[in-house]
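Presented below is the structure to which this report refers.
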Amino acid sequence: MLKKLIVGNWKMNGVRSDIAHIKDISEQAAAHSNVDVAICVPATLIESASNISDSLAIGAQDCHAHTNGAHTGCVSAAMVAECGAQYVIVGHSERRSDQGENNTDVKAKAQAVMAQQMVAILCIGETENQRNSDNAVSVVIEQLNLSLPEVDNYDNLTLCVAYEPIWAIGTGRIPTLDEVAEMHMAIRQALVIKYGESGNNIHILYGGSMNGDNAADLLSIEHVDGGLVGGASLTAAKFTPVIAAASLT
Ligand code: PEP
């Protein structure tokens, strides 16, 4: 079984005074050392947050696929790595919808992240209509196959996949546990087809309204190797029960 990985996504929340929450969360991470914990903060906080504690990894929420160049307002994978990021979320549904990112963009970003020896957290997920039309699995697996990075060496793949049903993000609603199990199994199979046995070592995270009340059930499902947590990661009070649930599964 893979060591559980719980990643917070602060989205566009957090200013310097919120570093106090990072300190509190890092103490909880240290107290649950059988779980890997990371927080993906706004780019402006990466450097200060990554200096707080070795027990909590810090990540970015996006990066550009190119190393440098004429891309006003963007930051590259090398830039966030230099600030101390160890993880980068790519292809979050909010970027796919707000910034029009497609699978080709996401794949290029994942490759750029991995080239900097950081872990790419590649997000995929279906809309509510796709779920209700009973083709969520085929939609998500197609999205995955088109977004997965091409790599020469399948050893030590610094890649995670986050299954995030779009309709579950920030809504308080989650799929049934059977639906999560079916999706994560299909993702695992696709990863093994793509990367051979190394596909078994890739963490598959569940994301979408995970919180202290539902984390234990979700994290007990086979091939749910952790969580990507938005709203419930903003304070230690909300995040600690998720970390604690992961520690017990
Ligand atoms: C997310 O945006 O990645 C997410 C999972 O958000 P929430 O937990 O708030 O649904």
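Remember, it's 1-based here, ligands and their atoms both numbered in the order they're listed. Just the heavy atoms: all of them, side chains too, but no hydrogens, waters or symmetry mates, feed the values below.
- In terms of modelled atom types and a separation under 3.5 Å, the side chain of K109 and the main chain of C63 share a donor-acceptor contact.
- Of the charged side-chain nitrogens involved, none lies within less than 4.0 Å of a carboxylate oxygen, so that K4 and D36 do not count as a salt-bridged pair.
- Of the charged side-chain nitrogens involved, none lies within less than 4.0 Å of a carboxylate oxygen, so that K23 and D18 do not count as a salt-bridged pair.
- The protein heavy atom nearest to atom 5 (C) of ligand 1 is E164 OE2, 3.0 Å.
- In this structure, the separation between CD1 on I204 and CG on L191 is 5.0 Å, given to the nearest 0.5 Å.
- Of all atoms in ligand 1, listed by their number and element, those nearer than 4.0 Å to a heavy atom of N9 are 1 (C), 2 (O), 3 (O).
- Not one N or O of V229 is nearer than 3.5 Å to an N or O of ligand 1, by distance alone.
- Under a 4.0 Å N-O distance rule, the pair E101/R95 qualifies as a salt bridge.
- Counting heavy atoms under 4.0 Å from ligand 1, residue I169 touches it through both backbone and side chain.
- Polar contact with ligand 1: absent for T171 (N/O pair, distance under 3.5 Å).
- The protein atom (non-hydrogen) at minimum distance from atom 1 (C) of ligand 1 is H92 NE2, 3.3 Å.
- For the pair R173 and E128, the salt-bridge criterion is met [side-chain N within less than 4.0 Å of a carboxylate O].
- In this structure, the protein non-hydrogen atom closest to atom 8 (O) of ligand 1 is G230 N, 2.8 Å.
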Practice prompt. Please step through side chain to side chain contact (heavy atoms under 4.5 Å, CB included) for the pair E94 and K11, ending with a clear verdict.
Written response: CA-CA 9 Å; E94 287 154 15; K11 310 194 186 197; 2.8 Å; yes
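- At the top of the distance list for atom 2 (O) of ligand 1, counting protein heavy atoms only, stands K11 NZ, 2.5 Å.
- Ion pair E222/R188 not flagged as a salt bridge, since none of the NZ, NE, NH1 or NH2 atoms sits closer than 4.0 Å to an Asp/Glu carboxylate oxygen.
- Taking every heavy atom of G170 and a limit of under 4.0 angstrom, the matching atoms of ligand 1 come to 7 (P), 9 (O), 10 (O).
- Under a 4.0 angstrom heavy-atom cut-off, G208 registers as being in contact with ligand 1.
- Looking at ligand 1, you'll find an N or O of G231 within less than 3.5 Å of one of its N or O atoms.
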